[in-house]
Amino acid sequence: MLICAALVLLMTPGLAFFYGGFVRSRNILNTLMMSFVLMAIVGVTWILWGYSLAFAPGNPFIGGLEWFGLNGVGLETTDYLKGTNPAEIVSYAPTIPHQAFMIYQAMFAIITPALISGAIAERMNFTAYSLFVLLWSTFVYSPLAHMVWAKGGFLGLAGGMGALDFAGGTVVHISSGVSALVAAMYLGPRRTYPDRLSPPHNVPFILLGAGLLWFGWFGFNAGSALASGGLATAAFVATNTAAAAAALTWLILEKVLRGKPTAVGAATGAVAGLVGITPAAGFVTPLAAILIGGITSFVCFYAVSFKHKVNIDDALDTFPVHGVGGTIGAIITGVFATTTVNSAGKNGLLFGNPGQVVTQIIAVAIAYIIAGVGTWIILKILDVTVGLRVKEEAELQGMDINEHGEEGYNEEFGERISVTNR
């Protein structure tokens with residue numbers, strides 16, 4: 001489980017490279033930092049209050065503060081939830097120390113707000129962004145995590161309405177994807193959008209990032225079994241299978257519709273498949289994983305195309321991949337889930353329980369509302385206090401030199417664009 005936690009942490013620098021390859025070279029460091037800084041911010045706040053709000057006993061919608069500063073969170077493996085309902089659940093993971101579960105969940109809390117940065121790349125004040133992710137992780141992520149995964153949470157299997165989310169379809173991908181869409185709409189487009197957009201400045205970075213994400217996703221999904229055994233194996237196999245099917249689907253679509261399969265398409269398709277299988281990984285068979293990966297990739301492919309038509313500057317397609325992919329994955333988990341893979345889960349539509357699809361849709365809708373409304377409120381507060389956008393001159397010169405005082409590449413190889421020669 002500690003190795004799985006490390007794998008999930010590696011996904012954050014992986015995401016940084018995945019996003020960084022897409023932007024202009026003069027914004028590479030800022031884009032990398034928008035992911036990297038989450039390891040610092042949430043790495044502290046999760047210890048102080050985030051974990052307690054997400055997983056401590058409380059009400060169905062948010063945890064209490066009894067574990068503030070990890071008070072009472074030690075190396076015990078059981079009985080730390082004793083005395084709360086449902087009574088039969090006395091720990092989150094009966095074979096690992098409580099702190100091991102806590103630090104594993106910390107890695108999810110770190111990468112989730114980092115996903116939002118893709119929608120607002122190349123234009124948001126770094127100070128405002130840092131404050132945004134601090135508030136978002138506290139007031140959006142922690143309540144959603146509590147509702148889905150905590151004991152007594154409103155949406156989940158541990159005393160809630162029974163929505164299935166094995167590793168974060170609603171908690172991670174829908175929440176970040178919807179928030180990304182709201183943020184992109186609130187901030188408005190980049191100054192160069194849509195007439196002067198540049199191609200990705202470093203496609204090898206995109207492939208490197210996608211590869212690191214794929215690698216780390218085994219910790220993300222298989223680790224969510226919270227033990228080494230059959231369930232972790234099933235989640236591992238489903239994860240790889242869905243990613244492969246999704247990458248293949250995207251490449252076929254590009255070849256048939258556009259004439260050439262692209263490296264960027266392979267990377268994007270793989271990530272879409274990984275997103276789609278996340279809520280289902282520990283509930284479905286390998287054959288179902290192929291279908292989930294293919295279906296998610298197909299829908300995300302067209303969602304990316306549709307985004308360009310509606311003129312919303314979600315810079316790096318966060319909502320079409322994570323929001324749409326997470327939505328599709330969460331809903332069709334209710335179709336393909338089977339208790340033959342996970343006896344602690346539920347059967348889906350194909351196994352005699354059509355009501356599970358309804359439950360999944362309700363959970364998705366609630367996640368949309370919480371993420372969308374919460375994000376808008378946080379952005380509004382920051383907009384009227386510290387301001388969100390950098391000045392036009394700074395945006396056109398580049399975020400790296402203006403926000404961080406440094407450049408990703410030296411002058412010989414870098415893209416040196418000034419306001420006077422634009």
Side-chain angles (χ1 to χ4, degrees), residues 3-23 28 31-36 38-39 42 104 107-119 121 166-169 171-177 180 200 202-224 235-251 262-281 289 292-293 296-297 300-301 304 315-326 329:
I3 292 172
C4 284
L7 285 170
V8 179
L9 183 66
L10 182 65
M11 293 173 71
T12 298
L15 179 71
F17 276 100
F18 181 70
Y19 279 168
F22 279 102
V23 299
I28 174 66
T31 303
L32 294 174
M33 278 293 289
M34 290 175 90
S35 289
F36 201 87
L38 266 299
M39 295 194 287
V42 180
Y104 177 69
M107 306 315 179
F108 284 71
I110 286 169
I111 194 172
T112 303
L115 294 168
I116 301 170
S117 67
F166 191 72
V171 179
V172 176
H173 297 293
I174 289 176
S175 69
S176 61
N202 195 324
V203 175
F205 272 11
I206 296 172
L207 288 174
L208 172 65
L212 289 171
L213 286 169
W214 194 329
F215 178 67
W217 226 292
F218 294 121
F220 203 81
N221 286 359
S224 291
F236 193 111
V237 171
T239 299
N240 194 70
T241 304
L248 188 61
T249 299
W250 200 289
L251 289 171
T262 67
V264 171
T268 306
V271 171
L274 290 162
V275 170
I277 198 61
T278 293
I292 291 171
T296 305
S297 182
C300 289
F301 180 89
V304 170
L316 309 181
D317 298 327
T318 303
F319 180 75
V321 174
H322 294 275
V324 173

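In what follows, every heavy atom counts, from backbone to side chain, and hydrogens, waters and symmetry copies are set aside. For the single chain, residues carry numbers from 1 onward in sequence order.
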To the nearest 0.5 Å, atom OG1 of Thr296 lies from atom CZ of Phe301 at 15.0 Å
Main-chain N/O of Gly219 paired to Tyr104 side chain as donor or acceptor, under 3.5 Å: yes
Closest approach of Ala246 and Gly273, non-hydrogen atoms and distance? CB-CA, 3.3 Å
Just verifying a value: how many Å separate Leu38 CG and Met33 CE, rounded to the nearest 0.5 Å? 10.5 Å
When you compare the side chain of His173 with that of Pro279, does any pair of heavy atoms fall below 4.5 Å? no
To the nearest 0.5 Å, atom CG of Leu10 lies from atom CH2 of Trp217 at 12.5 Å
Is the side chain of Ser117 donor-acceptor paired with the backbone N or O of Ala114 at a distance under 3.5 Å, no angle test? yes
Could you check whether any side-chain heavy atom of Ile110 comes within less than 4.5 Å of a side-chain heavy atom of Leu9, counting everything from C-beta outward? yes
If only side-chain N and O atoms count, and only distance matters, is there a donor-acceptor pair under 3.5 Å linking Thr262 with Trp250? no
Minimum-distance pair of heavy atoms, taken over all atoms of Ala180 and Ile116: CA-CG2, 3.9 Å
Closest non-hydrogen atom pair, Asp317 against Val304: OD2-CG1, 3.6 Å
Evaluate the side chain to side chain contact (heavy atoms under 4.5 Å, CB included) criterion for residues Val271 and His322: first the C-alpha distance (whole Å), next the side-chain angles of each, then the deciding distance (0.1 Å), finally the verdict. CA-CA 9 Å; Val271 171; His322 294 275; 4.2 Å; yes
Donor-acceptor pair, Thr31 side chain versus Tyr19 backbone, under 3.5 Å? no
Between Ala247 and Ala266, what is the shortest heavy-atom contact and its length? CB-O, 3.8 Å
Count the heavy atoms of every other residue, nucleotide or ligand shown that sit under 6.0 Å from CZ of Phe218, and state whether that count exceeds 12. yes
Once you round to the nearest 0.5 Å, how far does CD1 of Ile206 lie from CZ of Phe17? 12.5 Å
Just by distance, with hydrogens left out, do Trp214 and Asn240 show a side-chain donor and acceptor under 3.5 Å apart? yes
With the side chain counted from C-beta on, respond yes when Val23 and Leu316 share a heavy-atom pair under 4.5 Å apart, and no when they do not. yes
In sequence, state the C-alpha distance, the side-chain angles, and the governing distance for Val172 and Thr278, and then conclude on side chain to side chain contact (heavy atoms under 4.5 Å, CB included). CA-CA 9 Å; Val172 176; Thr278 293; 5.9 Å; no
Min side-chain heavy-atom separation Phe319-Val324 under 4.5 Å: yes
Report the distance from atom OG1 of Thr241 to atom CD1 of Ile277, rounding to the nearest 0.5 Å. 8.0 Å
Note: Leu115 and Ser176 closest approach over all heavy atoms is CD1-OG, 3.4 Å
If you compare all heavy atoms of Ala167 against all heavy atoms of Ser224, which two are closest, and at what distance to 0.1 Å? CB-OG, 3.4 Å
Do Ile111 and Leu15 touch side chain to side chain, with heavy atoms closer than 4.5 Å? yes
Evaluate side chain to side chain contact (heavy atoms under 4.5 Å, CB included) for Thr268 paired with Val321, printing each intermediate quantity in order. CA-CA 8 Å; Thr268 306; Val321 174; 4.0 Å; yes
With rounding to the nearest 0.5 angstrom, report the CG to CZ distance, Leu32 to Phe205. 7.0 Å
Check: Phe108 ring centroid to Phe220 ring centroid under 6.0 Å: yes
